[in-house]
Amino acid sequence: MLANKDPLFLTGVTFPSEYPASPETLVKLTVYDAKDKSQESSSFLGSATFSVADLLRAKDERLTLSLRSSDGVCTAGTVVVSRLKMGEMEEVDVDHITTDIPSHKKCTIRGGKNTRLIKTEMAVKCPMVCESASHACIDRENNPLTGPVFKNPVCKVYRFQTVDSKWMLVREQMEECTLSFSVPKQLLSLYIQEDMSRVQDLRELGELSPHWDNLRKEVMTRYGGIISSYQETLAELDKITGRSFKPSCCKAQKSLEFIPINLHTQRMRVTCPRKTDAFYDIVTVGAPAAHFQGFKCGGLQRVLSRYEAEKKSFSTAYQCIYYSPEHTAKAQEVLSTMSLLQPLITSLADQLLQAAQEHSSPGLRDALKNLSDKTEQFVHTLKDELVKSALLALHAARPGYVSKNQKQTPVQGGQHQGHIHQDSDQNQSPVQGLPGHSPTLSVTESTAVCNNVEGSQTTTRGEGGTLPLKHQDSIPHHKEYDEEEWDRVWANVAKCLNCVIAMVDKLQEEDNSKQEPVPDQQLADVITSHNPGDWREQLRPPVTRLKECVMEVVEKAKKAMTFVLLQEAACSIPQGFLLQQRRDVVFSQALAALACGFVMRLYAGMQDKGFLRQLHLVGLVAQFESLLSTYSEEIGMLEDMEVGISDLQRVVFQITEAKTDDLSDLQPLVCGRRDHFTVEVPLPRLVFQTLPEEIKEGKPLRVFPVLFNVGINEQQTIAERFGDISLQERINQRNFEMLEAYYKSLSEKVPLECLPCFQTQTDIKELLETLGQNVVTKKRKNVEILWIAGTICRRLNGIRFTSCKSAKDRTSMSVTLEQCALLRDEHQLSKDFFIRALDCMRREGCRIENVQKNIRCRKYAFNILQLMAFPKCYRPPEGTYGKVDS
């Protein structure tokens, strides 16, 4: 509008529900002349006052008012105020906006000569857009589905022209999510609980040789430091009340490092004449990254790669055993599975006895089936040489153990007791055995002593070098330690289960025949002399023996796996603990965002049977769009984000029935440990009853996270011309393959009719082919990758996320562009209105409100030089950007 002597402005005014309008309501309009848009400096031109009754009584319900200067004498121009009833479609040549107000009428303000910008004392400063009245937004606070999770909505309503000269109504609604704080706080509690349990397990290892005991003390001290730090952070978060998002200006604040940056949901709802309403959801969040810890040494992906490469040398320095990530993961899996199955087996065994006491044959069969299934799962989990070899290593680490070689010959090379020498060639092959094979491995002639045991340079199955095989003197002898003991203990569980099954079969045969059966010789040792009619008393001995055997196995396996993790922790001090803290921080931010998106998508699809079928048969794809550059600090952020998003594969969701319909009982809950988390989403009873049986039975619901990144700013220009973009290329290629695999699985298990219908008829296969071509194409700032990936995600019923450093500036450009593209492609937005609609959303829509919430200023953090490097469609309109703190 600059350099225009007679500009025309249009804006809408609404009345908040707490201040309802009546005929006596007075409205004062104040007009300013904007001198400098970038500095928001302006001078007062004039004002006018009228009542709602004046407007209603006016001819054609239109008032023409003169703007008076502060002294009430001079005229500064005119303002035209008119009433617009909802549903009217006026033929105007600007894409002005309509909305509901309490009396279902609308004020339209038109500025005349010398008018530069219209403001009202109700803080409405919005050409072509207005804030929706409170009741026009979804009533989140009292909605049983959204109340506990989403809050503080910001609504904007637009009216745009379609290609057939009709009008569509578009409503934007942006909300905060309570999971921004609740999920990280729950995770912190779980981290503390897990680490305290780990410390207790280390204490229960029993006596160790001096070397291993010192390492154990150092590891426990490190765990204590993490626990203390997490407890302090949790205490700080508990002090925060009322907040449900972290502004971008606090991204590097330590007390908030587990909280996702600027997490918001945004929904665009479109109403077109003679068409069903459509809505499009997106979650915006700052890239999950450890901003407080910084990026001087890179992000998680780089640090993890370096850490694994250097850990072998750490193991030598700390005189401990190197374990591969696979071994460590297996040890954690065994511990986690045992902690779940052992109490479950005990409970099922008690249920079996209860069914026996009630003489209930059906109950007995059901309880036995459940007990058998869980016991077999338990036995299968422990069918791994890692446990056996770790038990041998633990025995060798006990005080006073000395191998024959130590007694008879000096240690070669002057190595002192307790040191492991690891040959680089042997370290390249950490696992040579297979489950079920003998743990005996060949070793090189070079042997060394590890805590009173001469260690092999070959990493065994899960034990990494404590089970040399040519030198039998370097492992405990049968006289000192029975190598077959674990096999016997482990096998006893299966034998006890067979005894229980045989006894149940016998009791049921007796009941069916009503005769006294001949005692089975094979059961003579387990059948007691109790009254044959007393089922419980006859079942008690084999069931008790089963529970005892399970406890014995758990005790041994727990110590073995704890010893594996002790060695893992000891050979990674202090880097491993710092790395774990960084990973915890990044995962916390990523999980909060994912939980928010899952809940939003679930609530939106409750009435969609096809979606619910897809949810429990296959799961949902969660597509993260990132706009980070691969240069300077942002490459570290992207490396953090890559690992954080990948770690979300360890998460499953479960839908549960809420205890009550109280909003506090509808808050999602997180449970589990670092290797596996479950997010429980409670639903009100009536809503829960409408779900498919598989979901109601608690079937774990999977999410498949994929990440696509294309940098668009000036730093990406530098990276593309003078730097390295291989990280971005690798991420896009790897995640394209994952997305392709998900679609293949989906198409095999779910009819494509379950997927949503779109106006664009492009087949998903074609879209995937196009995406694959773009991924391998060497093209600078190829944002088509993001567009196509986003389209595929929506076509697959997926969850859409968009991120940049703060989810404020570049994210706003992307979200508004995607929304306008959807209006164009799916709702026939007129091409002549596309740019105007895009600028309108960026200037006055929900995204500029997001900027205001974050930095208290309505300016995107761009400068003109930066924008010259942006793709044109990602550039904001003039006057909406400037140099501000971000």
Side-chain angles (χ1 to χ4, degrees), residues 261 284-291 295 297-306 586 589-590 593 621-649 704-741 767-793 800-807 809-811 813-815 817-818 866 869-871 873-874:
I261 301 166
T284 60
V285 62
H291 290 274
F295 308 95
C297 298
L300 273 172
Q301 189 272 334
R302 194 187 326 172
V303 176
L304 277 171
S305 299
R306 188 187 309 128
V586 174
Q589 297 177 27
V621 64
Q623 186 250 328
F624 289 80
E625 171 186 308
S626 168
L627 299 159
L628 294 171
S629 67
T630 53
Y631 184 79
S632 188
E633 281 195 343
E634 288 199 2
I635 195 170
M637 298 176 201
L638 182 57
E639 289 169 341
D640 273 356
M641 186 176 185
E642 179 191 9
V643 175
I645 300 305
S646 177
D647 283 349
L648 293 176
Q649 297 177 57
F704 298 83
V706 294
L707 168 66
F708 291 92
N709 183 86
V710 176
I712 63 172
N713 64 1
E714 77 288 353
Q715 290 187 327
Q716 187 64 21
T717 302
I718 298 173
E720 290 174 337
R721 294 184 179 179
F722 311 109
D724 181 14
I725 61 170
S726 60
L727 173 64
Q728 175 176 288
E729 292 173 339
R730 180 180 57 76
I731 288 174
N732 291 342
Q733 179 61 45
R734 177 173 176 269
N735 285 272
F736 164 71
E737 294 168 359
M738 294 170 63
L739 184 60
E740 197 173 36
L767 289 171
L768 281 167
E769 289 175 5
T770 306
L771 178 61
Q773 293 168 3
N774 276 276
V775 164
V776 298
T777 300
K778 301 292 184 181
K779 180 181 177 182
R780 292 177 179 174
K781 297 182 181 176
N782 189 5
V783 290
E784 287 187 38
I785 291 174
L786 304 180
W787 300 347
I788 300 170
T791 300
I792 293 173
C793 174
R800 278 280 293 115
F801 299 84
T802 296
S803 297
C804 60
K805 181 167 68 174
S806 62
D809 304 305
R810 282 169 284 179
T811 294
M813 300 302 103
S814 176
V815 169
L817 177 62
E818 182 175 2
Q866 287 177 311
F870 276 46
C873 52
Y874 287 88

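Worth knowing before you read on, the calculation uses all heavy atoms, side chains too, and leaves out hydrogens, waters and symmetry mates.
Legend: residues meeting side-chain hydrogen bond (donor to acceptor under 3.5 Å, both in side chains) with T777, ordered by chain and number and at least two apart, are absent. In this view, V303 and R306, L579 satisfy the side chain to side chain contact (heavy atoms under 4.5 Å, CB included) rule, not counting sequence neighbours. Every residue meeting the side-chain hydrogen bond (donor to acceptor under 3.5 Å, both in side chains) condition with E634, not counting sequence neighbours, appears here in chain and number order: S629, R810. Partners of S803 under the side chain to side chain contact (heavy atoms under 4.5 Å, CB included) rule, at least two apart in sequence or in another chain, are V285, M641. Remark: R780 engages E720, R721 in a side chain to side chain contact (heavy atoms under 4.5 Å, CB included) (not counting sequence neighbours). Contacts of A289 classified as side chain to side chain contact (heavy atoms under 4.5 Å, CB included), with partners at least two apart in sequence or in another chain: H291, F295, M637, D640. Not a single salt bridge (Lys or Arg N to Asp or Glu O under 4.0 Å) links E737 to another residue, sequence neighbours left out. The ring-ring contact (aromatic ring centres under 6.0 Å, His included) check on Y874 picks up nothing, with sequence neighbours excluded. Considering only residues two or more places apart in sequence or on other chains, Q773 meets the side-chain hydrogen bond (donor to acceptor under 3.5 Å, both in side chains) condition with none of them. Residues passing the side-chain hydrogen bond (donor to acceptor under 3.5 Å, both in side chains) test with D647, sequence neighbours excluded: R583, R650.
Identified under the ring pair (Phe, Tyr, Trp, His ring centres under 6.0 Å) test for residues 621-648, with sequence neighbours left out: F624-F801. The salt bridge (Lys or Arg N to Asp or Glu O under 4.0 Å) pairs that include a residue from residues 767-778 are E729-K778, where partners are two or more places apart or lie in different chains.
A 4.5 Å side-chain heavy-atom check between I731 and L638 finds at least one atom pair inside the cut-off.
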